[in-house]
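Structure first, then comments.
To find a chain, count down the sequence lines: A is the first, B the second, and so on, and within it residues start at 1.
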2 protein chains.
Amino acid sequence: MTTETDTAEELLRRLEDGGHRLTAPRRSALAALAQRPEGFTVEELCREVPWAGRATIYRTVRLLVRMGLVCKLSMLDGKPLYNLAQAGHHHHAICLTCGSVADVSRCGVDHLLENIQLLTGSQVMGHRLEVYVLCASCRATAPQR
Amino acid sequence: MTTETDTAEELLRRLEDGGHRLTAPRRSALAALAQRPEGFTVEELCREVPWAGRATIYRTVRLLVRMGLVCKLSMLDGKPLYNLAQAGHHHHAICLTCGSVADVSRCGVDHLLENIQLLTGSQVMGHRLEVYVLCASCRATAPQR
DNA sequence: CGCATAAATGAGACTAGGTGTCAACACATG
DNA sequence: CATGTGTTGACACCTAGTCTCATTTATGCG
C-alpha cells in the first residue's frame with residue numbers, strides 16, 4: 001500500500017528529475033499536500049505550512065500543476081480544488097460528499113469529442129469536463145462535507 | 001432575422017415577466033450585452049456602461065444567469081466568459097478564434113453521464129463540460145482573437 | 001395623477017484566489 | 001569555498017465578485 005510519505009517522496013523525486021531544487025518550503029508543501037488525497041485548496045496548504053510564504057506555496061502548486069503532478073479542478077460553485085494527479089488523463093468524477101476523485105476517461109469522453117468534430121465540423125482544441133457525483137460508498141452513508 | 005435590438009427587447013420582456021423592474025441601468029446593460037453575441041466579460045460591460053455602478057452590472061448579469069438567460073462559461077485559462085443562452089442546455093463548444101458558441105447537447109453527453117453511473121456505481125449530481133474548438137468557418141480563415 | 005413601498009441603485013469596503021517585483025538567500029557544482 | 005542561478009518571502013497589486021447601507025426609483029393602487 002502506498003503511504004502518504006511514499007507519495008511525498010515520489011513527488012520530491014519527480015521535482016528533482018525535473019531539474020528543480022528540493023528546498024525546505026517545497027518539502028513541507030509536498031508533505032502537507034500528500035496527506036490530502038481528497039483534494040486541497042492552496043489556502044489550506046498555506047495554513048498548514050504557515051512559516052512558508054504564501055507566494056511560495058502558490059508557486060509550488062503551480063509548478064506541480066505544470067508538471068502534471070497535481071491537477072486543478074473546479075467545484076460546482078466554481079471554487080478551485082487541487083488534487084494529486086493519478087495519471088495523464090483530464091476527466092474527473094468528484095464526490096460532493098467525501099471529495100474522492102474517480103477517473104472517467106474510459107467512459108466515452110473521447111468518443112464524445114469525436115462526435116463533436118463530426119457533427120459541427122470544428123476542430124477540438126481542448127476541453128474541460130467535471131462531473132459531480134455521490135460516489136458509490138457515499139450513497140449508502142451520511143454526508144460529511 | 002433577429003437583430004440585437006430584438007434580443008434586448010426579448011430579455012427585457014423576460015425580466016418583466018419574472019417580476020423584475022425595468023430600470024435604466026438594466027436597460028443599458030441588456031442593450032450592451034445583446035450586441036456581443038460572441039460573449040462578454042462583466043468588466044467589459046462595465047466599461048461600456050460606465051455611468052452605471054459596477055455592483056449593479058454584476059447584479060444584473062447574476063440575475064440573468066439565475067434566470068437562465070445568460071450562461072457563464074470558463075475559457076481554457078479559467079477566465080470566465082458570459083454569453084446569451086440559446087436554450088436550456090448546458091454544454092458548449094467555444095471557438096477560440098471567433099468566440100462563437102455551439103450547442104453540444106446532442107453529441108452524446110447524456111450517454112456519457114449514464115456510462116459514468118453504470119461504471120462507477122455513483123450518482124451524477126451535476127457536471128460541467130466545456131469544449132474549446134476551432135469552428136468550421138475559422139478553420140479556413142485567419143485568427144481574430 | 002399622486003403616493004406608498006418594495007425593489008433597485010451606487011459608492012466603496014471587502015473577499016478569494018492568484019500574480020509580479022525585488023532584494024536577500026541558499027543549493028549544488030567547479 | 002566561491003560563485004551563480006534558482007528560490008524565497010514580504011508585500012503590492014490584480015481580477016472577479018460580493019456585501020452593506022443610505023439613497024433613489026419603478027410600479028401598482030386609490
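For D:dG17, the OP1/OP2 oxygens have a side-chain nitrogen or oxygen of B:Lys72 closer than 4.0 Å. Within the 4.0 Å cut-off from OP1 or OP2 of D:dG17, at least one side-chain nitrogen or oxygen of B:Tyr82 is found.
Under a 4.5 Å side-chain heavy-atom criterion applied to ILVMFWY residues, the cluster that includes A:Leu22 comprises A:Leu11, A:Leu12, A:Leu15, A:Leu30, A:Leu33, A:Phe40, A:Val42, A:Leu45, A:Val49, A:Trp51, A:Ile57, A:Tyr58, A:Val61, A:Leu63, A:Leu64, A:Val65, A:Met67, A:Leu69, A:Val70, A:Tyr82, A:Leu84 as well.
Near DNA chain C, meaning a heavy atom under 4.0 Å away, the residues from residues 15-32 of chain A are A:Arg21.
With DNA chain C read from its 5' end, the first of the two nearest nucleotides for A:Arg59 and B:Arg54 is the one closest to B:Arg54.
Of the possible polar contacts, none joining the B:Arg26 side chain to the B:Thr60 backbone as a donor-acceptor pair under 3.5 Å is found. Using a distance-only test at 3.5 Å, with no hydrogens or angles considered, a donor-acceptor pair links the side chain of A:Gln117 to the main chain of A:Val124. Using a distance-only test at 3.5 Å, with no hydrogens or angles considered, a donor-acceptor pair links the side chain of A:Ser28 to the main chain of A:Ala24. A donor-acceptor pair is defined here as one N or O able to donate and one able to accept, closer than 3.5 Å; no such pair exists between the side chain of B:Arg128 and the backbone of B:Ser74.
The distance from atom CG of A:Leu81 to atom C1' of C:dG18 is 16 Å, rounded to the nearest whole Å. In this structure, B:Phe40 places its CZ atom 17 Å from C1' of D:dT15, rounding to the nearest Å. Rounding to whole angstrom units, CG of residue A:Asp77 and C1' of C:dA16 are separated by 12 Å. As rounded to whole Å, 17 Å separates atom P of D:dC14 from atom OH of A:Tyr58. At whole-Å resolution of the value, CG in B:Leu12 and P in C:dA8 are 13 Å apart. Atom CE in B:Met75 sits about 18 Å away from atom P in D:dT15, given to the nearest Å. Rounded to an integer number of Å, the gap from CH2 of A:Trp51 to P of D:dA10 is 12 Å. For B:Glu43 and D:dT18, the CD to P distance is 12 Å, given to the nearest whole Å.
The nucleotide whose nearest atom lies closest to any side-chain atom of B:Arg62 is, among C:dT9, D:dT8, D:dT18, D:dT18. Closest to the side chain of B:Ala55, out of C:dG20, D:dC19, D:dA16, is D:dC19.
Taking CE of A:Met125 as the start and SG of B:Cys135 as the end, the distance is 11.5 Å to the nearest 0.5 Å.
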Stepwise salt bridge (charged side-chain N to carboxylate O under 4.0 Å, His left out) test for A:Arg47 and A:Glu43: CA-CA 6 Å; A:Arg47 262 175 266 127; A:Glu43 296 299 333; 5.7 Å; no
